[in-house]
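Working notes for the structure below.
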There are 2 protein chains.
Amino acid sequence: MSLYQHPLPTDGELEILQILWEKGPVTVRQVNEEMNLLRPVGYTTTLKLLQIMDSKGLVSRNSTQKVHVYAAALPPDQTRKALLDRFLETTFQGAAGEMVLQLLGGHRTTEDELSRIRQMLEDQDNQNGQ
Amino acid sequence: MSLYQHPLPTDGELEILQILWEKGPVTVRQVNEEMNLLRPVGYTTTLKLLQIMDSKGLVSRNSTQKVHVYAAALPPDQTRKALLDRFLETTFQGAAGEMVLQLLGGHRTTEDELSRIRQMLEDQDNQNGQ
DNA sequence: ACGCAACTACGAATGATTTCGTATTTTAAG
DNA sequence: CTTAAAATACGAAATCATTCGTAGTTGCGT
């Protein structure tokens, strides 16, 4: 049950969300096993975090079955966008262009990604009226 | 004096770095006054944070004068890039293109920024050999 | 040289997040 | 129905970051 709307996830909560987004609705044990592929985490640690996330409305819980099954409450795009906006503010003081330049300066992007970005730029141009 | 090399700044530390980057070398009092333009912060709070940042090597301190003068140890680009890389990993699992799309989808960028981004894209194209 | 005002040092309280231990509940097997 | 294994609930310790109070230092003006 959710107490408030949709606070941004903490780092630990985000780690779990990434698993939920990739694997779909899963049990605590499955989440914990995924976690342990990366680093050692106790079962009850994972459980507790999922319970907290449920109380925050970050995940939904299906309790009709024997074991509870958790799923992310929001799609990845929406959550990542919200995190991105905060990061852009705190780290780049809102200068989106600066951030893109820093990013592209150091990362190889795929052809597909590049053309989608170009399309996005054209759309921006059109909206800007040149 | 610095104990280790260059850990990433915390959010509170970053807030101070932004001031140091903008104002150049300044005293604790000056930093604290800038902070108080945004929200109430005790003088010793700012002082303590600067001392911690000094011990981490995030700032340098000039103690030859009556009052200490602090300056950022690293340029903004380098620090922001490091923070960006971590954020890209934790939030977008390294998918830089996805992140740019999310970003441009919701932010108005200036013409100047757009053309610099286009130039950056061309450079990427050339490196990719198409 | 004295005293005040400003500054530095630093321990410790607070707050947020993560981690875990233990108790309780549930379910499936025998 | 009984029991064991697995799951859930939850208090509380551990960790990390932030904030502040207090004590001690410095140096300028008189």
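Naming: A, B, ... by sequence-line order, numbering from 1 per chain. All of these numbers come straight from a predicted model, not from anything done at the bench.
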Non-hydrogen atoms of A:V59 and A:L20 that approach each other most closely
CG1-CD1, 3.6 Å
How would you list, by chain and number, every residue that makes a side chain to side chain contact (heavy atoms under 4.5 Å, CB included) with B:L74, sequence neighbours excluded?
B:H6, B:Q78, B:T79
A:A71: what forms a side chain to side chain contact (heavy atoms under 4.5 Å, CB included) with it, not counting sequence neighbours?
A:P25, A:S60
When rounded to the nearest 0.5 angstrom, what is the spacing between CD1 in A:I16 and CD in A:E34?
11.5 Å
Strand-adjacent residues in residues 27-39 of chain B, judged by heavy atoms under 4.0 Å from DNA chain C
B:V28, B:R29
For residues 17-29 of chain A, the side-chain hydrogen bond (donor to acceptor under 3.5 Å, both in side chains) pairs (sequence neighbours left out) are A:Q18-A:R80, A:T27-A:Q30
Taking only residues two or more places apart in sequence or in another chain, which ones pass side chain to side chain contact (heavy atoms under 4.5 Å, CB included) with B:D77?
A:Q102
Starting from B:V26, can I reach B:V28 by hopping between I/L/V/M/F/W/Y residues whose side chains sit under 4.5 Å apart?
yes
In terms of hydrophobic clusters joined by side-chain contacts under 4.5 Å, are A:L14 and A:I19 together?
yes
Tell me: CD1 of A:I52 to P of D:dT8, nearest whole Å?
15 Å
Specify the separation, in whole Å, of atom OH of B:Y70 and atom P of C:dC7.
12 Å
Does C:dT8 have OP1 or OP2 under 4.0 Å away from a side-chain N or O of B:Y43?
yes
Just list the side-chain donor-acceptor pairs under 3.5 Å for residues 40-51 of chain B, sequence neighbours left out, or say none.
{"from": "B:T46", "atom 1": "OG1", "to": "B:N32", "atom 2": "ND2", "distance (Å)": "2.7"}

When you check every protein heavy atom under 4.0 Å of nucleotides 21-27 of chain C, what one-letter string (B, S, -) results, 5' to 3'?
BB----S
If the helix axis at each end comes from five base pairs, how far does the helix from C:dA1-D:dT30 to C:dG30-D:dC1 deviate from straight, to 10°?
10°
Spacing between B:N62 atom CG and C:dC7 atom P, to the nearest angstrom:
16 Å
Rounded distance (Å) that lies between atom P of D:dT18 and atom CD of B:Q51
15 Å
Take the protein atom CG of B:L49 and the nucleotide atom P of C:dT8, then report the distance between them rounded to whole Å.
15 Å
Atom NZ of B:K48 to atom P of D:dT22: distance rounded to whole Å?
16 Å
Does anything in residues 10-23 of chain A come within less than 4.0 Å of DNA chain D? Heavy atoms only, and list the residues if so.
none
When the distance from CG of A:D54 to C1' of D:dA9 is rounded to whole Å, what number comes out?
13 Å
Partner residues of A:D11 under the side chain to side chain donor-acceptor pair (under 3.5 Å) criterion, sequence neighbours left out:
none
Looking at side-chain heavy atoms only, is the closest gap between A:F87 and A:M99 below 4.5 Å?
yes
A:L47 atom CG is separated from C:dT18 atom C1', nearest whole Å, by 14 Å
Taken in chain and number order and not counting sequence neighbours, the residues that satisfy ring-ring contact (aromatic ring centres under 6.0 Å, His included) with A:F92 are none
What distance separates B:Y70 OH from B:D54 CG, expressed to the nearest 0.5 Å?
6.0 Å
Run the side chain to side chain donor-acceptor pair (under 3.5 Å) test against A:S63 and tell me which residues pass, sequence neighbours left out.
none
